[in-house]
Amino acid sequence: MPILEMPSWGMLTLALFQAVAMLALAPLATGFNRVIRAKMHSRQGPGLLQDYRDIAKLLRRQAVMPQSVTLVSLAMPWVLLVTLLLIAMALPTLTQQSPFPIAGDLITDIYLFAVFRFFFSLAGLDNGSLFAGVGASRELTLGILVEPILVLSCFVMAMMAGSFDLGNISTYMAEHTLTAPLAALLAALACAFAVFVEMGKLPFDCAEAEQELQEGPLTEYSGSSLALIKLSLGLKQLVVVQLFFALFLPFGRAVQWHVGSLIGAAAVLLLKLVVAFLLAGLIENAMARTRFVKTHLLTRYGLGIAVLALVAYLARI
């Protein structure tokens, strides 16, 4: 088994910088989503920076929790934030290789996403609220339907690159001729579908009923705890989108560790993020909400595409 090389101080600094930058941009990303939704609905809506004001207001308020909660509910906001920050540190967003290779393994990151969903749902069951319990069960159901699509599409790319390291997969996609281009295209479509669902878009979530669906476990949270969770949910959108970029669109990154190259890579990354969130917003607001019990009728298409990607890889087409 290969021994993981410890990151240098420069790599560690870059990893911490990109994690903090993603955390700082998370409210801007969610605010951008709300602005697109408002414009497409022909209404004024909140401003682009409204989520910053909301989170700042919540951080100044005391967190009130039911007396029956255990350590699970108290630790959940921090667990969500830490798991996503670890993934954010490991993603090769600005450079060819992961700046934090200790957590840059694809299997490790998938497990971190699973930890996020597990604690998010468990906290909804822990606080004793029936409404939060319904939200937790829906979150787990959605995870069962979507996670196989994400895992299978990512594993196809890992097998194609011959490595589970995110940096190696990203470098392979950027520098090599693909042995199975159709498999890569199908895997990209399946992964994009899973990322769209993980971002909490219609028809899988609804802003007007967010407490009913993916944010149901947050019913009993308030104050600073709710602010941390909202930060984590916004950060998750950025993380899953950049995971897609690292695996399927790894262009525009710095080849050398120079300040100028890193700044240029950051500008390209911001442009890709704006385009991705704009497309996601346009697609979301062109759809109608469906009943949650019919979610499997939609996710089966994503799973089918992921299976076809695996078949195409095995056939080398």
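- Considering CG of Leu310 and CG of Leu314, their distance stands at 4.5 Å, rounded to 0.5 Å.
- Across all non-hydrogen atoms, the minimal contact from Phe100 to Met89 is CB-O, 3.4 Å.
- Within 6.0 Å of CZ on Phe118 lie no more than 12 heavy atoms contributed by other residues, nucleotides or ligands.
- The shortest distance between side-chain heavy atoms of Leu243 and Val195 does not fall below 4.5 Å.
- Distance OG/Ser224 to CD1/Ile229: 9.5 Å, rounded to 0.5 Å.
- Remark: Tyr313 pairs with no residue by the ring pair (Phe, Tyr, Trp, His ring centres under 6.0 Å) rule, at least two apart or across chains.
- At a threshold of 4.5 Å between side-chain heavy atoms, the hydrophobic network of Ile, Leu, Val, Met, Phe, Trp and Tyr places Trp78 and Leu74 in one connected group.
- Leu85 is listed as a side-chain neighbour of Leu235, based on a closest heavy-atom distance under 4.5 Å.
- Applying the ring pair (Phe, Tyr, Trp, His ring centres under 6.0 Å) definition to pairs two or more places apart or across chains, those involving residues 171-190 are Tyr172-His176.
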Report the C-alpha distance between Glu284 and Ile36 in whole Å, list the side-chain angles of each, state the deciding distance to 0.1 Å, and finish with yes or no for side-chain contact (heavy atoms from CB on, under 4.5 Å). CA-CA 10 Å; Glu284 175 191 20; Ile36 294 176; over 6 Å; no
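- Pairs engaging residues 18-27 under the side chain to side chain donor-acceptor pair (under 3.5 Å) rule: Gln18-Thr93 [sequence neighbours left out].
- Residues Leu145 and Arg300 have side chains not in contact (no heavy-atom distance under 4.5 Å, counting atoms from C-beta outward).
- Across all non-hydrogen atoms, the minimal contact from Ser225 to Ala63 is OG-CB, 3.6 Å.
- As a member of the Ile/Leu/Val/Met/Phe/Trp/Tyr network built from side-chain separations under 4.5 Å, Ile263 groups with Val259.
- Under the 4.5 Å side-chain contact rule for hydrophobic residues, Leu112 and Leu231 share a cluster.
- Leu303 contributes atom CG, which lies 7.0 Å from atom CG of Leu152 (distance to the nearest 0.5 angstrom).
- Note: the hydrophobic cluster containing Leu48 also contains Leu233 (ILVMFWY, side chain heavy atoms under 4.5 Å, direct or indirect links).
- Under 3.5 Å, the side chains of Gln237 and Asn33 contain a donor-acceptor pair of N or O atoms.
- At a threshold of 4.5 Å between side-chain heavy atoms, the hydrophobic network of Ile, Leu, Val, Met, Phe, Trp and Tyr places Leu185 and Met173 in two separate groups.
- Residues Leu228 and Leu80 are not in side-chain contact: their nearest non-hydrogen atoms beyond the backbone lie 4.5 Å or more apart.
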Result block: side-chain N/O donor-acceptor pairs under 3.5 angstrom for residues 264-282, not counting sequence neighbours:
from	atom 1	to	atom 2	distance (Å)
Lys272	NZ	Leu249	O	3.0
Lys272	NZ	Phe251	O	3.2

Could you list the donor-acceptor pairs under 3.5 angstrom formed between side-chain atoms of residues 153-164 and any protein atom two or more places apart in sequence or on another chain?
from	atom 1	to	atom 2	distance (Å)
Ser153	OG	Ile149	O	2.9
Ser153	OG	Leu150	O	3.0
Ser163	OG	Asp165	N	3.0
Ser163	OG	Asn168	ND2	3.1

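- Two residues are said to be in side-chain contact when any heavy atoms from C-beta on lie closer than 4.5 Å; Leu262 and Phe17 fail this criterion.
- Atom CZ of Arg61 is surrounded by 12 or fewer heavy atoms from other residues, nucleotides or ligands within 6.0 Å.
- Clustering of Ile, Leu, Val, Met, Phe, Trp and Tyr by side-chain heavy atoms under 4.5 Å joins Leu189 with Leu182, Leu186, Ile305, Leu308, Ile317.
- With sequence neighbours left out, the salt bridge (charged side-chain N to carboxylate O under 4.0 Å, His left out) criterion links Asp109 to no other residue.
- To the nearest 0.5 Å, the span separating CG on Leu166 from CG on Leu247 amounts to 6.0 Å.
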Pair Thr108-Leu86, side-chain contact (heavy atoms from CB on, under 4.5 Å): steps then yes or no: CA-CA 10 Å; Thr108 301; Leu86 281 174; over 6 Å; no
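- Every residue was checked against the salt bridge (charged side-chain N to carboxylate O under 4.0 Å, His left out) condition with Asp105, not counting sequence neighbours, and none meets it.
- The shortest heavy-atom contact between Ser98 and Met11 is O-CE, 3.5 Å.
- Residues Leu58 and Leu23 share a hydrophobic cluster, clusters being chains of Ile/Leu/Val/Met/Phe/Trp/Tyr side chains in contact below 4.5 Å.
- Side-chain contact check for Val240 versus Met199: some heavy-atom pair is nearer than 4.5 Å.
- Within the 3.5 Å criterion, the main-chain N or O of Pro250 finds no donor-acceptor partner in the side chain of Ser170.
- Pairs of residues two or more places apart, or lying in two chains, never qualify as salt bridge (Lys or Arg N to Asp or Glu O under 4.0 Å) while including a residue from residues 237-259.
- The minimum heavy-atom distance between Thr30 and Gly234, with the atom names listed, is CG2-CA, 3.6 Å.
- A search for ring pair (Phe, Tyr, Trp, His ring centres under 6.0 Å) contacts involving Phe119 returns nothing, not counting sequence neighbours.
- Among residues at least two apart or in separate chains, side chain to side chain donor-acceptor pair (under 3.5 Å) pairs with a member in residues 142-151 are Arg117-Glu147.
- Annotation for Gly143 and Pro148: closest pair O-CD, 3.9 Å, computed over non-hydrogen atoms.
- Val72 has its side chain out of reach of Met76: every pair of non-hydrogen atoms, C-beta onward, lies at least 4.5 Å apart.
- Here the shortest heavy-atom pairing between Pro27 and Ala24 reads CD-O, 3.5 Å.
- Around atom CD of Glu175, more than 12 heavy atoms belonging to other residues, nucleotides or ligands sit under 6.0 Å away.
- Remark: Leu94 CG to Gln242 CD distance equals 8.0 Å, nearest 0.5 Å.
- With values rounded to the nearest 0.5 angstrom, Glu139 atom CD is found 5.5 Å from Phe120 atom CZ.
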Given Asp54 and Lys230, is the side-chain contact (heavy atoms from CB on, under 4.5 Å) satisfied, shown in steps? CA-CA 10 Å; Asp54 292 342; Lys230 286 188 172 295; 6.0 Å; no
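- In this structure, the side chains of Pro77 and Tyr221 come closer than 4.5 Å at one or more pairs of heavy atoms.
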